[in-house]
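Written below as structure tokens is the structure these notes are about.
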There are 2 protein chains.
Amino acid sequence: MNKKMISEEEMQIWHMWKSSYKNIFGRVVKDMFGQTGLSEGDFGILDRLDLYGKGKLRQQELVDSMDWTKSRLSHHLTRMEKRGLVLREPLKTERGVQVIITSAGKSTLDDARPVVSMAIREHFLDLLTEQDIESITNLAERAKVKSSSACKTPRS
Amino acid sequence: MNKKMISEEEMQIWHMWKSSYKNIFGRVVKDMFGQTGLSEGDFGILDRLDLYGKGKLRQQELVDSMDWTKSRLSHHLTRMEKRGLVLREPLKTERGVQVIITSAGKSTLDDARPVVSMAIREHFLDLLTEQDIESITNLAERAKVKSSSACKTPRS
DNA sequence: ACCTTGCGGTTGACATGTCAACGATGTTAT
DNA sequence: ATAACATCGTTGACATGTCAACCGCAAGGT
């Protein structure tokens with residue numbers, strides 16, 4: 001265990017990393033919202049409905065794939081329903097709720113795809129070297145949720 | 001101009017990058033909030049008051065250094081004032097407002113520093129290779145706000 | 001049958017952020 | 001002086017997130 005406070009240089013790495021993310025992510029989101037009116041959450045939901053479910057998914061499936069809480073999703077769907085992007089109907093065969101993309105939602109999504117694509121290329125991919133991509137891939141692996149390690153360790 | 005949609009692999013890079021950030025950043029914030037009750041914004045404000053201003057700064061200076069809107073800062077300070085972390089008083093010599101850290105705020109900050117330090121080391125720095133640090137540094141440079149380029153380009 | 005438990009989803013209260021409008025106070029031009 | 005404008009900050013309305021409590025319904029155990 002290293003209990004020393006981190007150095008000024010190490011703190012700088014942290015700040016650089018945070019601000020890179022905020023700058024780049026902010027630009028992508030701004031382009032998307034500005035040109036289509038969709039937030040990142042909106043897009044994520046519509047995208048999954050369209051690709052994984054051919055237009056419809058159970059609410060729980062969305063919760064799992066988005067890694068959101070059910071509460072957050074429920075609130076968000078209520079707002080999206082009000083805007084006419086999706087609708088909800090109870091499942092007949094089992095308990096649960098189907099979320100269905102509306103035609104308005106589908107056409108907004110189709111408009112958004114190229115916008116998102118361009119934004120990610122322009123604000124993110126175009127900035128990356130091969131080495132950066134390697135680093136991103138490796139870090140993502142190391143930063144993954146580690147469900148096992150805590151359990152493997154015997155409770156001392 | 002590359003107008004092609006981005007590939008599946010490129011989209012994966014984007015998703016990996018986003019989830020790394022969210023995982024790591026979420027862990028750091030959770031540690032800090034759990035052990036000290038401070039949010040990232042709280043810490044940023046108290047840190048600047050303490051380091052840059054020896055306990056006090058003008059609100060506008062905070063706006064500039066945090067890169068927040070004045071509205072966001074105003075709302076946030078109102079909440080922090082209610083919690084007894086800071087207080088505000090109008091400047092006498094010129095217009096504007098002084099934000100002053102309270103003793104409660106200062107001691108909470110002092111408690112938080114080692115917690116933040118440890119969390120950044122454990123959840124972030126310990127995951128990085130030398131190459132990652134290089135990539136982070138380079139990307140941060142490329143992702144910086146580019147105020148000049150738009151002005152240098154003659155309006156077509 | 002009855003009770004408990006767990007799952008799927010909703011709700012309300014509250015924290016956090018954004019945006020546009022406002023107000024008060026300085027600066028500048030005429 | 002006064003009109004126009006910029007600066008500094010507040011406010012209210014609303015979007016987004018989090019948390020804990022709740023409700024309806026299923027599945028099991030007794």
Side-chain angles (χ1 to χ4, degrees), chain A residues 18 21-23 25-27 29-34 36-46 53 56-100, chain B residues 18 21-23 25-27 29-34 36-46 53 56-100:
Chain A
K18 275 198 303 179
Y21 180 86
K22 287 177 184 175
N23 286 336
F25 188 71
R27 285 171 199 144
V29 163
K30 192 176 163 194
D31 278 6
M32 175 165 61
F33 185 78
T36 72
L38 295 181
S39 70
E40 203 217 356
D42 298 334
F43 183 82
I45 289 172
L46 296 179
K56 50 180 64 177
L57 280 177
R58 276 189 69 168
Q59 204 160 314
Q60 185 60 44
E61 298 178 296
L62 278 176
V63 163
D64 295 336
S65 90
M66 307 266 305
D67 200 26
W68 280 13
T69 64
K70 53 191 182 169
S71 167
R72 180 176 178 185
L73 182 65
S74 181
H75 282 305
H76 204 100
L77 287 176
T78 301
R79 294 187 294 261
M80 289 179 74
E81 219 174 351
K82 219 170 292 177
R83 295 193 285 149
L85 296 169
V86 297
L87 48 87
R88 280 188 275 199
E89 59 185 36
L91 286 175
K92 291 168 178 49
T93 60
E94 41 184 346
R95 94 192 120 168
V97 172
Q98 273 276 326
V99 182
I100 306 168
Chain B
K18 275 199 302 180
Y21 180 86
K22 287 176 185 176
N23 286 336
F25 187 72
R27 285 171 198 144
V29 163
K30 191 176 164 193
D31 278 6
M32 174 166 62
F33 185 78
T36 72
L38 295 181
S39 69
E40 203 218 355
D42 299 334
F43 183 83
I45 289 171
L46 295 179
K56 50 180 64 178
L57 282 177
R58 273 188 72 169
Q59 205 159 314
Q60 185 60 45
E61 299 178 297
L62 278 176
V63 162
D64 295 337
S65 92
M66 307 265 306
D67 198 27
W68 280 12
T69 63
K70 53 194 181 166
S71 167
R72 180 177 179 185
L73 182 66
S74 181
H75 283 304
H76 204 101
L77 287 176
T78 300
R79 294 188 294 260
M80 288 179 75
E81 219 174 351
K82 221 168 292 178
R83 293 193 286 148
L85 297 170
V86 298
L87 49 87
R88 281 188 274 198
E89 60 185 34
L91 286 174
K92 291 170 176 48
T93 60
E94 41 184 346
R95 97 192 116 167
V97 173
Q98 274 274 327
V99 183
I100 306 167

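The structure displayed is predicted, hence computed values, not measured ones. Just so we're on the same page: letters track the sequence lines, and every chain starts at 1.
For the pair A:Leu91 CG and C:dG9 P, the interatomic distance rounds to 7 Å; values are reported in whole Å. To the nearest angstrom, P of D:dT16 lies 16 Å from CZ of B:Arg72. One interatomic measurement links the two molecules: CH2 of A:Trp68 to P of C:dG8, which rounds to 19 Å at whole-angstrom precision. Regarding A:Ile45, its CD1 atom lies at a distance of 16 Å from the P atom of D:dA15, rounded to whole Å. Regarding B:Gln59, its CD atom lies at a distance of 16 Å from the P atom of C:dT25, rounded to whole Å. The CD atom of A:Glu40 sits 16 Å away from the P atom of C:dG17 (whole-angstrom rounding). Between B:Glu94 atom CD and C:dG26 atom P the separation is 9 Å, expressed in whole Å. Counting to the nearest Å, the P atom of C:dG9 and the NE2 atom of A:His76 are 17 Å from each other.
Residues B:Val97 and A:Phe33 both approach DNA chain D. Their nearest nucleotides, taken by heavy-atom distance, put B:Val97 toward the 5′ side. Residue-to-nucleotide proximity on DNA chain D shows that, of B:Leu73 and A:Asp42, the 5′-proximal contact is made by B:Leu73.
Residue B:Lys56 qualifies as open at atom NZ: its count of foreign heavy atoms under 6.0 Å is 12 or below. Other residues, nucleotides and ligands contribute over 12 non-hydrogen atoms within 6.0 Å of the CZ atom of A:Phe25.
Residue A:Arg79 is classed as a base contact, given a heavy-atom separation below 4.0 Å to a base. Nucleic acid contact for B:Arg88: sugar-phosphate only, since backbone atoms but no base atoms lie under 4.0 Å from a heavy atom of the residue.
Salt bridge annotation for A:Lys22-B:Asp67: absent, with no cationic side-chain nitrogen under 4.0 angstrom from a carboxylate oxygen.
Judged purely by atom type and a 3.5 angstrom limit, B:Glu81 uses its side chain to pair as donor or acceptor with the backbone of B:Arg88.
The base of D:dG12 lies close enough to the side chain of B:His75 for a donor and an acceptor atom to sit less than 3.5 Å apart. No N or O donor and acceptor, one from the side chain of B:Thr78 and one from the base of D:dT10, sit under 3.5 Å apart.
Across every non-hydrogen atom of A:Leu77 and A:Val99, the tightest pair is CD1-CG2, 3.8 Å.
Minimum atom distance to the side chain of A:Arg58 is reached by C:dG8, of the listed D:dT18, C:dC19, C:dG8. When each of D:dT18, C:dG9, D:dA6 is scored by its nearest atom to the side-chain atoms of A:Gln60, the top-ranked nucleotide is C:dG9. With C:dC7, C:dC19, D:dG17 as the candidates, the nucleotide lying closest to the side chain of A:Arg95 is C:dC7. Residue B:Lys70 places its side chain closer to D:dC8 than to any other of D:dG12, C:dT11, D:dC8.
Put simply, A:Ser74 has a side-chain N or O that comes within less than 4.0 Å of OP1 or OP2 on C:dT10.
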